[in-house]
Asks: 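Sharing a structure below in structure tokens format, with a few things to ask.
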Amino acid sequence: MSSRWQKIGAHNSFSLIGIEETLLGGQSFAWSPYDPNQWVGLIRQSLVRFKWLEGQLFWVLESGEKITKDELCHYLWLDDSYITALNNLPWRSDPVLGRAVNKFSGLRILRQPMEEVLLVFILSSAKSIPQIKLLCQKVYKLFGNEVSPGFYSFPGWAKLKNLHETEARNLGMGYRAKYLVGTAQYLSANPDFLTEVQNFPYLKARSMLMKLPGVGPKVADCILLFGAEKNEAFPIDTWILQSLEKQYGMSGWKLSQMEEFARIHFGEHAGLAQQFLFSYQRNLTKLN
DNA sequence: CCTCAGGTAAGAG
DNA sequence: CTCTTACCTGAG
């Protein structure tokens with residue numbers, strides 16, 4: 001059946017560690033390891049499997065709705081704008097970023113559905129990747145579509161509105177339950193909210209998102225970076241905090257000062273730099 | 001048994 | 001605007 005495999009791109013500048021970190025590193029919780037150098041996951045209503053072989057990335061649709069190569073390329077940010085973004089980052093003059101870019105060659109930002117990113121990052125606070133995955137799966141299983149046995153798709157906020165706080169807490173959400181319920185209500189009352197947010201420039205979009213319960217500065221930046229193609233967004237989580245403090249010598253700096261530094265130093269594609277620094281910092285013990 | 005986590009919100013200074 | 005603390009739950 002290997003004839004089903006299709007090659008994704010001729011010159012996609014990936015590396016094994018780059019694709020692996022892109023899919024499993026924590027910007028999406030939809031992907032799982034399959035065989036060695038293979039990963040499965042849902043993109044909307046399509047169950048897709050990727051394979052890394054001899055320096056090339058291949059894909060196959062396992063089940064669910066048809067998906068085009070163009071849609072996959074967009075999801076994986078395989079168009080030339082990635083190269084442009086990378087070239088605009090100061091990795092030549094910044095040795096910290098340089099090491100990260102070199103180590104995680106081809107690491108990208110996945111372009112995910114904004115609605116789904118909103119949900120998973122509301123649920124992400126103070127939780128590890130496996131915990132977030134599990135929690136998402138519980139919610140998806142309750143309201144989502146079973147695309148393939150064991151694979152449930154993101155149900156959409158209209159259906160999430162049917163989840164009451166008590167029920168959400170019973171799933172193990174803890175204090176995140178009231179965030180989810182509150183956000184579902186807000187979106188129900190303002191159906192075009194996310195579309196509007198997407199059309200505003202970064203800073204305005206960010207402050208709009210922060211009106212949602214459970215969405216603070218970090219989650220808002222994740223939503224904009226992973227779900228709205230706003231590359232200026234620079235989510236500062238504990239890993240980035242560590243990176244800035246230890247690699248960039250910014251201990252004692254205020255969060256607002258770090259944001260300003262990121263904006264000036266990394267520029268309009270700061271979010272891509274963030275992803276490299278994040279991966280480097282998080283894998284620091286494994287790298288040496 | 002105790003601490004802390006990939007964060008947010010609320011209250012105080 | 002900055003700083004502190006509580007908030008659920010589960011892992012270490």
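Because the structure is a prediction, the values reported are computed rather than measured. Every heavy atom of this structure was used, including side-chain atoms; hydrogens, water molecules and symmetry mates were not. Here is how names work: the chains are called A, B, and so on, in the same order as the sequence lines, proteins then strands, and each is numbered from 1.
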Asks: In whole Å, what separates the P atom of dA9(B) from that of dG10(C)?
Replies: 22 Å
Asks: Decide whether Ser81(A) and Trp77(A) meet the rule of one side-chain donor and one side-chain acceptor closer than 3.5 Å.
Replies: yes
Asks: Is there a donor-acceptor contact under 3.5 Å linking the side chains of Tyr202(A) and Asp221(A)?
Replies: yes
Asks: Does any donor-acceptor pair link the side chain of Arg282(A) with the base of dG6(B) at a separation under 3.5 Å?
Replies: yes
Asks: Are side-chain heavy atoms of Gln27(A) and Thr22(A) found at a separation under 4.5 Å?
Replies: yes
Asks: Got a list of protein N/O to nucleotides 1-4 of chain B N/O distances below 3.5 Å?
Replies:
none

Asks: Look for any protein N or O under 3.5 Å of an N or O in nucleotides 11-13 of chain B and output each such pair with its distance, or none.
Replies:
none

Asks: Would you mind listing every salt bridge (Lys or Arg N to Asp or Glu O under 4.0 Å) that reaches into residues 20-40 of chain A, with sequence neighbours excluded?
Replies: Glu21(A)-Arg282(A)
Asks: Under 3.5 Å, side chain of Gln275(A) to main-chain N/O of Leu272(A), donor-acceptor pair present?
Replies: no
Asks: For Met173(A) and dC8(C), what is the distance between atoms CE and C1' respectively, to the nearest whole Å?
Replies: 12 Å
Asks: Is the closest side-chain heavy-atom distance between Arg44(A) and Pro113(A) below 4.5 Å?
Replies: yes
Asks: Under a 3.5 Å cutoff on both atom distances, Watson-Crick or G-U, what's the dot-bracket for DNA chain B ([ ] crossing, | other strand)?
Replies: .||||.|||||||
Asks: Determine yes or no for a side-chain-to-main-chain donor-acceptor pair under 3.5 angstrom, with Asn190(A) supplying the side chain and Asp192(A) the backbone.
Replies: no
Asks: Could you check if a side-chain atom of Leu97(A) sits within less than 4.5 angstrom of a side-chain atom of Phe276(A), using non-hydrogen atoms only?
Replies: yes
Asks: Do Trp253(A) and Leu244(A) have side chains that get closer than 4.5 Å, going by heavy atoms?
Replies: no
Asks: With rounding to whole Å, what would you report as the distance between dT3(B) and dT5(C) at their C1' atoms?
Replies: 16 Å
Asks: Just how far, in rounded Å, is C1' of dG6(B) from CD of Gln274(A)?
Replies: 10 Å
Asks: Using the P atom as the point on both nucleotides, what is the distance between dT4(C) and dC4(B), in whole Å?
Replies: 15 Å
Asks: Is Asp94(A) salt-bridged to Arg99(A), cutoff N-O under 4.0 Å?
Replies: no
Asks: Over all strands shown, is Gly25(A) touching base, sugar-phosphate only, or nothing at heavy-atom distances under 4.0 angstrom?
Replies: base
Asks: Would you say the side-chain atoms of Thr84(A) pair up with the backbone N or O of Asp80(A), donor to acceptor, closer than 3.5 Å?
Replies: yes
Asks: Sort and list the pairs that fulfil salt bridge (Lys or Arg N to Asp or Glu O under 4.0 Å) and have at least one residue in residues 258-273 of chain A, not counting sequence neighbours.
Replies: Arg206(A)-Glu259(A)
Asks: How does the hydrophobic cluster around Tyr34(A) look, that is, which other residues are in it when side-chain heavy atoms under 4.5 Å mark a link?
Replies: Val40(A), Leu42(A), Leu47(A), Val147(A), Phe151(A)
Asks: May I have the distance from Glu21(A) (atom CD) to dG6(B) (atom P), rounded to whole angstrom?
Replies: 15 Å
Asks: Both Phe278(A) and Lys211(A) contact DNA chain B. Taking the nearest nucleotide for each, which residue is further toward the 5' end?
Replies: Phe278(A)
Asks: According to salt bridge (Lys or Arg N to Asp or Glu O under 4.0 Å), does anything in residues 115-128 of chain A pair up with another residue at least two apart or in another chain? List the pairs.
Replies: none
Asks: Just to verify, what does Trp31(A) make a side chain to side chain donor-acceptor pair (under 3.5 Å) with, not counting sequence neighbours?
Replies: Tyr75(A)
Asks: Within the side chain of Lys218(A), is there an N or O that forms a donor-acceptor pair under 3.5 Å with the backbone of Pro235(A)?
Replies: no
Asks: Roughly, in whole Å, what's the span from OH in Tyr186(A) to P in dA9(B)?
Replies: 13 Å
Asks: For residues 119-133 of chain A, which residues have at least one heavy atom under 4.0 Å from DNA chain B?
Replies: Ser125(A), Ala126(A), Lys127(A), Ile129(A)
Asks: Pick out the pairs of N or O atoms, protein on one side and nucleotides 1-7 of chain C on the other, that lie under 3.5 Å.
Replies:
unit_1 : atom_1 : unit_2    : atom_2 : d
dT2(C) : OP1    : Ser256(A) : OG     : 3.1

Asks: To the closest 0.5 Å, what do you measure between CD1 (Ile43(A)) and CH2 (Trp59(A))?
Replies: 9.0 Å
Asks: Which pairs, with at least one residue in residues 159-183 of chain A and sequence neighbours excluded, count as a salt bridge (Lys or Arg N to Asp or Glu O under 4.0 Å)?
Replies: Glu165(A)-Arg169(A)
Asks: CG of Leu180(A) versus P of dA9(B): gap in Å, rounded?
Replies: 14 Å
Asks: How many whole angstroms separate atom CG of Leu135(A) from atom C1' of dG7(B)?
Replies: 14 Å
Asks: For residues 215-239 of chain A, which residues have at least one heavy atom under 4.0 Å from DNA chain C?
Replies: none
Asks: Between the side chain of Arg108(A) and the main-chain N/O of Leu76(A), is any donor-acceptor distance below 3.5 Å?
Replies: yes
Asks: Can you tell me the distance, in whole Å, between the CZ atom of Phe29(A) and the P atom of dG6(B)?
Replies: 11 Å
Asks: For Leu134(A), which contact category applies under a 4.0 Å heavy-atom criterion: base, sugar-phosphate, or nothing?
Replies: nothing
